[in-house]
Structure formats: C-alpha cells, structure tokens
Amino acid sequence: MGFLGVLLPMIRLYLVGVRVLLYQLFNRSFTLPALPTRHGRVAIVTGGARGMGYEVARRLTGLGMHVIIGTVPLWTPHTPTAVFLHWTDSQPKSNDPHRWFQDQVALHRAGNIEEEGLEAVTKIRKETKEGKVEFLFLDLSSLHSVRQFAQRFKATGLPLHVLVNNAGVMLVPERRTEDGFELQFGLNFLGHFLLTHLLLGTLKRSGRHGNHSRIVNMSSATHYGARLNLKDLQSRLCYSSHGAYSQSKLALVMFTYYLHEQLTAGGFPVSTSTVDPGMVDTELYQNLCSPAQTLKRPVAKLLFRTPAEGASTAIYAAVAAELEGVSGCYLYNGQQVASSELSYDEELQAQLWKQSCSLVGV
C-alpha cells in the first residue's frame, strides 16, 4: 500500500494536468469584462505579494478598493535549513535549544515575509492611484499567526467586503506545521478555514442584501483526482505530496459548498465561490523534481497561463456585478462548471467541517 499510496495520487494528478493543458491548448484564457469601481470597499488577499495573489491585489486596488495583503512564506525543499543556526554556549542555558532554533527560523521567515509584502505594496502604489493597499503579516501555517492577523484587522474597525483565500504551497516534501498538521493541508486549507471563521462576523455585518460580501477560495483542477481520508487527514500513514496537495484543494471546494449552505440557511448576505485558475506559471512549481522541472519549462512557455491570466477568474468572482448573489459555485475560466462528484457529498462535507473545527479549536 505504501508504494501504491504514493504512485496512484501522482498518476491521478498528472492525468488531470494533461487534461487541463489540452483545454488550454485549444481555448483562450478568460478575458475580464469591464468591472465596476469599488470605492469604499475593503478586501483581504492572502498570498497577495506574489503570483496570482499579487495580480488580484493589484486589480482590486485599481478598482478603488482598500486592499490588505496577507502573505505567506515561500516554502521550498530547502526551507527548513534556510537559516543555518547553531545552539552555542553564547545562548542562555535556561532556554530550550529546539524552541530557540524554531524561534530564530520563524523570525527570519517573518522578516522575509514582511520585506516581500512591503515591496508588493510599494509596487502597487506606484502603479495605481485609485485605491489603498497595505500589508499585514500572516503565516497561514501557524494558527497563532492567523488569530493575530484577524485580531489586528478587526482592531482597525474596517468593514470587510471581499476575502480572497489565495495563498498556497504545492508538492512540498513531508513536513509539519508548528501545530502538527501536514503542511499542505494545514496551510492551504486549515489556515484559510480558521481565517474565514474568524472574519465571518465582519463579512456578515459588511454585506447587504443586493450587495453581498464575497468569499473566494482558490482551489485547483487537481481536486478532481483527490481522495479525502477523514481517518488520516494529516497523511501520517502514507505521505504523498501529490495526494496531500490534491486533498487540500478538494477540502477547499467542500468547505465552500458547506459554508454556502450555512450562510443561506441563516439568511446572511455573504456569497461563497471557489475558483480554478488552470495551470499557471508561478513559483508553486519549484518543488517539482529536477526532471519534471526540465520538462515543465518549455511546456509552461507554450501552454501555461500567466499569473495575470490565472488571476482573472478570482478577480471576476470578487467584484463582477453579474455574480451578485451567486453563491456555492465552482468557477473555471470565467464560467460556472461542475466540480468533482465527491465534492458534492454533503455528509462528507459535514464531517470535514466538524473535524476542521476541532483541529483549529473553534
């Protein structure tokens, strides 16, 4: 089972990838229509300092919105040793060496995140004079950081009209978050699950009937080949980077649908949607093995979407007038399409919701 547990998710993911590339070969990327200005409205974009997140933040700012960028660490195969630190005699003996090492790495990561976030803010400000953009530190792999981010945002007293859960990591080697979660499930899904929960009250108060607040979750076509193992959501029995990534994206789709039902039942003016950007040429692919990297480069030049093209459907979901009140949908290339059959399993959605609440402590 160990070998098959690694091989089968990989095969399923790459079969989905081939299907997506064939679609992109014969179909043009979605072109955004003219969008209404959104002065006075506030948006949060996770992972907004690079790639598609940056393009979403840039376009929403250009529409007159007040955009808060929450960025995340760029995880690579070398991230755990990104800082070469030693426990030496110069450090206090009363401290825990392992804890000290973790703290130093976290500080280094925080510094890099802040620098990248501020650079993105400066770049967007130079490009557009319409809206306002700022950066708040956010590490979605840390539940503590997610709670701090939500507290800081709510302390500003701002409303919240759009939450774009865009940030993610892909195909990383097996590792755990500080809370003990498998990294891809923890960062891609649980971090966003908690963030949405913490900001949901603000989204409800900010929305109006006929002018809903919107939650946009960035998923992936890989969810079509995913399996959801409720008995091993953290992939402890058999780790597959392909399976873990696909599972995290399926979880986001199911979360979108279940949250839609909860909001609709309560009559709240908040819409949810999940977006599939297609295959986009971003830094997410840097965790591919060397042969796959070599193969990917010429294919990406010919068939991959640019970050701006990949972001277009998320921008559309966030602000398009024709999507007012449209909720609980899966959007691909600017159109509503069906997600995987498994994603519509309401019992599985409810079980995932219950487990996720327990895992993040809400």
Side-chain angles (χ1 to χ4, degrees), residues 8-24 27 29-30 46 52 56 163-168 170-171 184-185 188-190 192-193 196 212 214-230 233 242-265 270-280 284 305 309-318 320 322-323 325-356:
L8 291 179
M10 182 188 303
I11 292 173
R12 288 194 293 264
L13 185 144
Y14 286 118
L15 286 176
V16 171
V18 169
R19 187 180 70 180
V20 173
L21 288 177
L22 287 174
Y23 177 89
Q24 294 184 182
N27 295 272
S29 175
F30 171 63
T46 69
M52 289 184 289
V56 172
L163 172 61
V164 182
N165 289 322
N166 160 81
M170 184 173 78
L171 305 184
Q184 294 179 97
F185 189 77
N188 295 354
F189 174 62
L190 288 176
H192 284 125
F193 180 90
T196 303
H212 281 201
R214 304 186 188 189
I215 300 168
V216 181
N217 292 322
M218 191 72 80
S219 184
S220 163
T222 59
H223 92 275
Y224 285 103
R227 303 293 185 268
L228 192 72
N229 186 353
L230 291 172
L233 289 174
H242 301 80
Y245 177 72
S246 301
Q247 176 180 251
S248 73
K249 293 302 181 177
L250 173 60
L252 278 170
V253 178
M254 301 179 81
F255 167 51
T256 301
Y257 295 160
Y258 193 83
L259 180 58
H260 158 71
E261 294 296 334
Q262 300 300 305
L263 292 168
T264 300
V270 183
S271 302
T272 68
S273 61
T274 186
V275 170
D276 176 353
M279 294 188 74
V280 183
L284 278 178
R305 305 300 195 203
E309 290 171 336
S312 60
T313 299
I315 297 164
Y316 184 63
E322 54 267 39
L323 291 182
V326 177
S327 185
C329 59
Y330 186 89
L331 299 170
Y332 175 55
N333 210 33
Q335 297 179 329
Q336 293 188 51
V337 299
S339 56
S340 70
E341 183 177 349
L342 184 61
S343 68
Y344 294 108
D345 187 323
E346 294 180 1
E347 182 178 347
L348 201 58
Q349 291 172 12
Q351 291 175 342
L352 174 64
W353 178 279
K354 183 178 180 180
Q355 279 207 34
S356 300

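Index from 1, following the sequence. All heavy atoms count here, side chains included; hydrogens, waters and symmetry mates do not.
Counting only distance, with no hydrogens or angles, the side chain of Q355 and the backbone of L230 share a donor-acceptor pair below 3.5 Å. With hydrogens and angles ignored, the 3.5 Å screen pairs a side-chain donor or acceptor of R214 with a backbone N or O of A317. Put simply, the side chain of T256 never gets that close to the backbone of T272: no donor and acceptor are under 3.5 Å apart. A donor-acceptor pair under 3.5 Å is formed between the side chain of Q24 and the backbone N or O of M279. Under a 3.5 Å cut-off, the side chain of Y344 and the backbone N or O of S339 do form a donor-acceptor pair.
Heavy atoms of other residues, nucleotides or ligands lying less than 6.0 angstrom from CD of E347 number 12 at most.
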Which pairs would a plain distance check flag for residues 243-251, meaning a side-chain donor or acceptor within less than 3.5 Å of a matching protein atom at least two apart in sequence or in another chain?
unit_1, atom_1, unit_2, atom_2, d
S246, OG, H242, O, 2.9
Q247, OE1, N229, N, 3.3
Q247, NE2, L233, O, 3.1
S248, OG, N188, ND2, 3.1
S248, OG, Y245, O, 2.7
K249, NZ, M218, O, 3.0

Exercise. Which is it for H212 and V270 under the side-chain contact (heavy atoms from CB on, under 4.5 Å) test, yes or no, and what are the steps along the way?
Worked result: CA-CA 5 Å; H212 281 201; V270 183; 5.8 Å; no
Exercise. Could you walk me through whether Y224 and V20 pass the side-chain contact (heavy atoms from CB on, under 4.5 Å) check?
Worked result: CA-CA 11 Å; Y224 285 103; V20 173; over 6 Å; no
Problem set entry | Verdict with supporting geometry, L348 and Q351, side-chain contact (heavy atoms from CB on, under 4.5 Å) | CA-CA 5 Å; L348 201 58; Q351 291 175 342; 3.8 Å; yes
For this session: Would you please test L259 and I215 for side-chain contact (heavy atoms from CB on, under 4.5 Å) and show each step?
Result: CA-CA 10 Å; L259 180 58; I215 300 168; 3.7 Å; yes
Problem set entry | Trace of the side-chain hydrogen bond (donor to acceptor under 3.5 Å, both in side chains) decision for S327 with H260 | CA-CA 7 Å; S327 185; H260 158 71; 2.8 Å; yes
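At a threshold of 4.5 Å between non-hydrogen side-chain atoms, the residues E261 and W353 do not count as touching. In this structure, N333 and R305 have side chains that are in contact, with non-hydrogen atoms separated by less than 4.5 Å.
Nearest heavy atoms, V253 versus S343: CG1-CB, 3.8 Å. Closest approach of G225 and V16 over heavy atoms only: N-CG2, 4.0 Å. For C329 against V326, the heavy-atom pair with the smallest separation is SG-CG1, 3.9 Å.
One finds the CG atom of D276 at 7.5 Å from the NE2 atom of H223 (value rounded to the nearest 0.5 Å). Here the OG1-CG distance, from T196 to N165, works out to 4.0 Å after rounding to the nearest 0.5 Å.
In this structure, a donor-acceptor pair under 3.5 Å is absent between the side chains of Y257 and E346. Between the side chains of T46 and H192, at least one donor-acceptor pair of N or O atoms lies under 3.5 Å.
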